[in-house]
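Worksheet: one structure, shown below.
Numbers here simply count residues along the sequence, with the first being 1.
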Amino acid sequence: MQRKSFPFLLLKTLGFAVIGNIMAFIVTLSLAAFIDSSFLQFVSAVISVFLYHSMIFISAYQDGQREIKMLSAKRIDSYIKWKWLKIGVIIGIIMCIPSVILALSRFNVIGYDFLIPFRLISGGAYSLSMLLSTGMSIGDLYSFAPFIFMLIYLLSPLSCEFGFYCITSEKFTADKIIYKQKK
């Protein structure tokens, strides 16, 4: 067992982020028949954002498990500082590209109505885009909405670093959560 390279972890986490977006898109589509009320749109948005961030969390958590095994086997001396924060920043920037294009489309820098393609690409923000819009065209979208979508994806570094921290700090292990520690 050896430490995974930075590009490998970046591509793996990017794959997890894409899968998270696809899962969020499926959740939004499955709730589409019931999503007439603002409350259900809000619930769908919360679930979608949670799914996206939990997939990134899982990638960092799995790497943390591998690092703990290598540290206990004395194959490595210590963890690499801020590795997952760097990966999260790169993932966040990549995932923000559709939101930036949506913002440019919203403020008429690009003449194309990018709302429908954005909803298909960014599953994590799809249900939130339905909540922050009054119709199906780019003119119906609130002007601050693309920046909220960017914020969703720019929180990716926190999800990555928290996933790695949860396993490596050993504060959130199953034994400590389930069983009461005797003093």
Side-chain angles (χ1 to χ4, degrees), residues 5-60 63 82-164:
S5 68
F6 187 85
F8 175 81
L9 291 174
L10 180 65
L11 287 175
K12 177 183 173 187
T13 307
L14 183 62
F16 271 89
V18 169
I19 290 171
N21 266 336
I22 291 170
M23 288 172 56
F25 181 73
I26 291 170
V27 164
T28 303
L29 285 182
S30 64
L31 291 175
F34 312 104
I35 213 155
D36 291 338
S37 71
S38 295
F39 175 73
L40 286 178
Q41 287 177 346
F42 178 75
V43 169
S44 176
V46 169
I47 291 170
S48 296
V49 170
F50 176 76
L51 280 172
Y52 169 76
H53 285 286
S54 65
M55 292 305 291
I56 295 174
F57 176 92
I58 288 170
S59 180
D63 183 58
W82 309 117
K83 170 179 64 175
W84 280 100
L85 196 63
K86 293 173 190 173
I87 290 173
V89 166
I90 294 169
I91 295 297
I93 290 170
I94 291 170
M95 299 309 277
C96 272
I97 292 172
S99 299
V100 169
I101 295 171
L102 181 70
L104 293 174
S105 177
R106 173 65 181 98
F107 297 115
N108 294 325
V109 175
I110 299 173
Y112 180 69
D113 186 355
F114 192 69
L115 186 60
I116 302 298
F118 172 80
R119 287 179 174 173
L120 295 175
I121 294 170
S122 299
Y126 180 22
S127 56
L128 191 60
S129 73
M130 292 190 316
L131 188 63
L132 297 176
S133 136
T134 57
M136 293 299 287
S137 70
I138 194 72
D140 299 329
L141 186 68
Y142 296 122
S143 58
F144 61 88
F147 303 106
I148 292 177
F149 305 148
M150 286 181 218
L151 181 66
I152 289 171
Y153 293 117
L154 289 177
L155 291 176
S156 299
L158 297 177
S159 297
C160 289
E161 191 62 35
F162 185 64
F164 190 73

Apply side chain to side chain contact (heavy atoms under 4.5 Å, CB included) to residues Leu128 and Ile148 and explain how you reach the verdict.
CA-CA 9 Å; Leu128 191 60; Ile148 292 177; 3.7 Å; yes
Quick one: pull up CG in Leu132 and CG in Asp140 and give me the separation to the nearest 0.5 Å.
12.5 Å
Looking at CE of Met130 and CG of Leu31, how far apart are the two atoms once the value is rounded to the nearest 0.5 Å?
8.5 Å
Before you tell me yes or no, could you show the steps for Leu14 and Leu10 under side chain to side chain contact (heavy atoms under 4.5 Å, CB included), namely the whole-Å CA-CA distance, both residues' side-chain angles and the distance that decides it to 0.1 Å?
CA-CA 6 Å; Leu14 183 62; Leu10 180 65; 5.7 Å; no
Any residue meeting side chain to side chain contact (heavy atoms under 4.5 Å, CB included) with [X], in chain and number order, not counting sequence neighbours:
X: Leu104; result: Val100, Val109, Ile110
X: Ile97; result: Ile101
X: Phe16; result: Lys12, Met55, Ile58, Ser59, Gln62
X: Leu158; result: Leu155

By the ring-ring contact (aromatic ring centres under 6.0 Å, His included) test, which pairs, at least two apart or in different chains, include something from residues 35-56?
Tyr52-Tyr153
Taking only residues at least two apart or on different chains, which pairs with a member in residues 119-151 satisfy ring-ring contact (aromatic ring centres under 6.0 Å, His included)?
Phe25-Tyr126, Phe118-Phe149, Tyr142-Phe144
Report the C-alpha separation of Leu85 and Cys160 in whole Å, then their side-chain angles, then the decisive distance to 0.1 Å, and conclude whether the side chain to side chain contact (heavy atoms under 4.5 Å, CB included) test is met.
CA-CA 6 Å; Leu85 196 63; Cys160 289; over 6 Å; no
Could you walk me through whether Ile90 and Phe6 pass side chain to side chain contact (heavy atoms under 4.5 Å, CB included), step by step?
CA-CA 11 Å; Ile90 294 169; Phe6 187 85; 4.0 Å; yes
Mind listing the closest non-hydrogen atom pair of [X] and [Y] along with its distance?
X: Gly124; Y: Val49; answer: O-CG2, 3.7 Å
X: Ile93; Y: Leu154; answer: N-CD2, 4.5 Å
X: Ile91; Y: Ala17; answer: CG2-CB, 4.1 Å

Quick one: which residue pairs count as a side chain to side chain donor-acceptor pair (under 3.5 Å) with a foot in residues 88-97, not counting sequence neighbours?
none
I need the full list of side chain to side chain donor-acceptor pair (under 3.5 Å) pairs touching residues 22-32, with sequence neighbours left out, sorted by first then second residue.
Thr28-Ser48
Going by side chain to side chain donor-acceptor pair (under 3.5 Å), name the residues that satisfy it together with Ser105, two or more places apart in sequence or in a different chain.
none
Do the side chain of Arg106 and the main chain of Pro146 share a donor and acceptor less than 3.5 angstrom apart?
no
For Ser122, does its backbone N or O pair with a side-chain atom of Asn21 as donor and acceptor, under 3.5 Å?
no
Side-chain heavy-atom pair Leu102, Leu141 within 4.5 angstrom cut-off:
yes
Does anything in residues 83-99 form a salt bridge (charged side-chain N to carboxylate O under 4.0 Å, His left out)? List the pairs, not counting sequence neighbours.
Asp63-Lys83, Glu67-Lys83
